[in-house]
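Below: the structure, in structure tokens.
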Amino acid sequence: MHIRSHRTSRSYEPRKLSLGLLLLGPVLALLSFIAPAYAQEVLRVPYVADIGTFDPDNGFEIGGMSAINNVYEGLVEYEPASTRMVGLLARNWEISDDGLIYTFHLAEGVKFHDGTPLNAAAVVNSFKRRRDRGLILSYFLANVKDIRAPDDSTVVLALDHAQPSFLDALASPWGPKVISPKALAQHDNGDFGTTWLNEHAVGTGPFKLAEFKHGEHYVLERNEDYWGDKPFFREVQISVVPDISQQILQLQAGAIDAVPINYPFSQLGSLPANIEATAAPSTTLFELFVRPGSPLDDADIRKAVLTAINPSLWAKDAFGRFATAARSPYPRIIIDPVHPVEFPIDFEAAKAAIAKHDEVSLVIGLHSAAPSYGRIADLLIAQLALIGVKATAYALPSGAAFAIKNAANPPDLLLTIVNPDAAHPENHAKVFFTKDAVLNFYGRVLAEADAIVEQAGGVIDVKKRNALYEKAGRMYFDAGFVIPLVDVDDVVVHVKGLKHLGLRPVFPPGNIDFATVRRDP
């Protein structure tokens, strides 16, 4: 779920400015469309990776969510800096007592970018496209057995079974969006518009997609006929700049307005006078997944390892004030547990346990080459050395983590970020922990905990629901399946004067809301 490329386990540090300035001219020449001094109403933001597709139904984009979600809109959304759900294209809604029928009442005066009025039939058309056409994100509507429009302003969704997490699925940044029915009809070509929608878009959002050049840049322009509050910026220029050191140099030179992700935490305390950082709550939780058959299968070794890698010992060294030691296998903004997981603290006992074995060594695989992964790995290696465990780390090739359980020689531990796709704990447990979870990386199964997750999925009362998920999470931890490490804030480094970045916890880090962000005069 994160940008991945191969590198060693050493922590990443940007090039020194004195060397980097030699490269700045060629870099800016390649990005000449952002080089001039633009007016205050133009926002310039880099992405570290290309957008694979702009189709809101058919791609699990990560870095590009801010662009897609400013062009397309769904029925509901999460408020900035919160997991609270509010209406978007739906001004309000009702849920039947049995939890099976969701009735949404649409906002008035909404038009697509091509001038087509929004009505309930358009919502039905888009939702059926996602659910019925075998698209990548169809699972969001898998439990919807009927989608209908009793009138032009009302949409009714009937579920096959009660699903208390359903509104969260609709509010997810990857949740179903509404596409112009006119555009879908014109560009079907027998593929339900998927080819055309890779590089084109017709939504209802505050911005229009004006230019799409794979691997180079994208341009969004303000929707002057937007039905809601008009954005401050008339244009957003998005460049593709994979190298974080180049992004930093461009920010310092005034060629871009922000570095959305991967700015080294070690440098946040000494930013130039014209640059500042904005932090917001996030679902970013670094966690270790443990390979079955690793040395940690031995309970004494596992206890010793937990003693050494206790995140309270190193979280501040890695992230400063922007992280806290994890309290459970769930991101804290989703569940703040009543009974947090505990790490042992007796280092002498840990050393003695390891000394009983001829040699204990561990290999840590890093899901990403981003700076934070290398920094955490270095600290874990140093901590483990204190008790006599020899540890090494390496960055996995792109995509390798998703097939790690079938690898010929998988690492003992996988260090990864566990971002769920919505703020309901079900979306976390059933993505990472349960038997059939798509990102249960090593395929480990704890049937008793899975049964509790299944039970919790039908509970509406939040306190009772969270108690069940917390219990299951503790069981996965106690069984040695997963080791939660640190909850980390979403941190965007930007020129001074940018305000109201609209960062949302469930969005992948760095996804600025182009509709809410402003620049002080």
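Judged as a ring pair (Phe, Tyr, Trp, His ring centres under 6.0 Å), not a single pair has a partner in residues 114-136 (not counting sequence neighbours).
Ring geometry for Y330 against F433 counts as perpendicular: the plane angle is over 60°, on a 0 to 90° scale with 30° as the lower cut. Using the six-membered ring where Trp is involved, W196 and H187 have ring planes that are parallel, under 30° apart on the 30 and 60° scheme.
Taken to the nearest 0.5 Å, the OG1 atom of T516 stands 8.5 Å off from the NE2 atom of H500. The OG1 atom of T204 lies 7.0 Å from the CG atom of L88; values are rounded to the nearest 0.5 Å. For the atom pair OG1 of T416 and CG of L366, the computed distance is 10.0 Å after rounding to the nearest 0.5 Å. With values rounded to the nearest 0.5 angstrom, E454 atom CD is found 7.5 Å from E426 atom CD.
The pair D478-R474 meets the salt-bridge criterion, with a side-chain N (NZ, NE, NH1 or NH2) lying under 4.0 Å from an Asp/Glu carboxylate O. Salt bridge annotation for K213-E199: absent, with no cationic side-chain nitrogen under 4.0 angstrom from a carboxylate oxygen. Between D461 and K463 there is no salt bridge, since no side-chain nitrogen of the basic residue lies less than 4.0 Å from a carboxylate oxygen of the acidic one. With respect to R44 and D257, a salt bridge is recorded, a charged nitrogen being found less than 4.0 Å from a carboxylate O. Taking 4.0 Å as the cut-off between side-chain N and carboxylate O, R504 and E77 count as a salt-bridged pair. Under a 4.0 Å N-O distance rule, the pair R84/E79 qualifies as a salt bridge. A salt bridge links D55 with R129: at least one charged nitrogen is closer than 4.0 Å to a carboxylate oxygen.
Each of F212, F207, F233 was checked for a side-chain contact (heavy atoms from CB on, under 4.5 Å) with L220, and the lone residue meeting it is F207. With E41 as reference, R222 is the one residue of R519, R518, R222 to meet the salt bridge (charged side-chain N to carboxylate O under 4.0 Å, His left out) rule.
Defined by atom type and a distance below 3.5 Å, a donor-acceptor pair is present between the side-chain atoms of N198 and T53. Remark: the T434 side chain and the Y476 side chain contain no N/O donor-acceptor pair separated by less than 3.5 Å. A donor atom on one side chain and an acceptor atom on the other are not found under 3.5 Å apart for S172 and D421. With hydrogens and angles left out, the side-chain atoms of D168 and S165 include no donor and acceptor closer than 3.5 Å. For the residue pair H217 / E211, a side-chain donor-acceptor distance below 3.5 Å is found, with atom types taken as modelled.
In this structure, the ring of F289 has its center no less than 6.0 angstrom from the ring center of Y442. In summary, the aromatic rings of F140 and W174 are positioned with their centroids too far apart to meet the 6.0 Å limit. Centroid-to-centroid, the aromatic rings of F286 and Y373 come within less than 6.0 Å.
In this structure, V240 and G215 approach most closely via the heavy-atom pair CB-O, 3.8 Å. Shortest non-hydrogen contact noted between A326 and V341 is O-CG2, 4.4 Å. I333 and P505 make their closest contact through CD1-CG, 3.4 Å (heavy atoms, listed as atom of the first residue, atom of the second, distance). Smallest separation of non-hydrogen atoms from G205 and N223: O-ND2, 3.0 Å. Heavy-atom minimum distance, L137 versus P56: CD1-O, 3.4 Å. Of all heavy-atom pairs spanning V124 and R148, the tightest one is CG2-C, 3.7 Å.
Partners of D160 by salt bridge (Lys or Arg N to Asp or Glu O under 4.0 Å), not counting sequence neighbours: none found. Every residue two or more places apart in sequence or in another chain that forms a side-chain contact (heavy atoms from CB on, under 4.5 Å) with R332 is listed here: T324, R327, D336, D487.
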What's the verdict on ring-ring contact (aromatic ring centres under 6.0 Å, His included) for H113 and Y72, showing C-alpha distance, side-chain angles and the deciding distance?
CA-CA 10 Å; H113 300 156; Y72 290 107; 7.6 Å; no

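Distance alone, capped at 3.5 Å, is enough to place a donor-acceptor pair between the H428 side chain and the P329 backbone.
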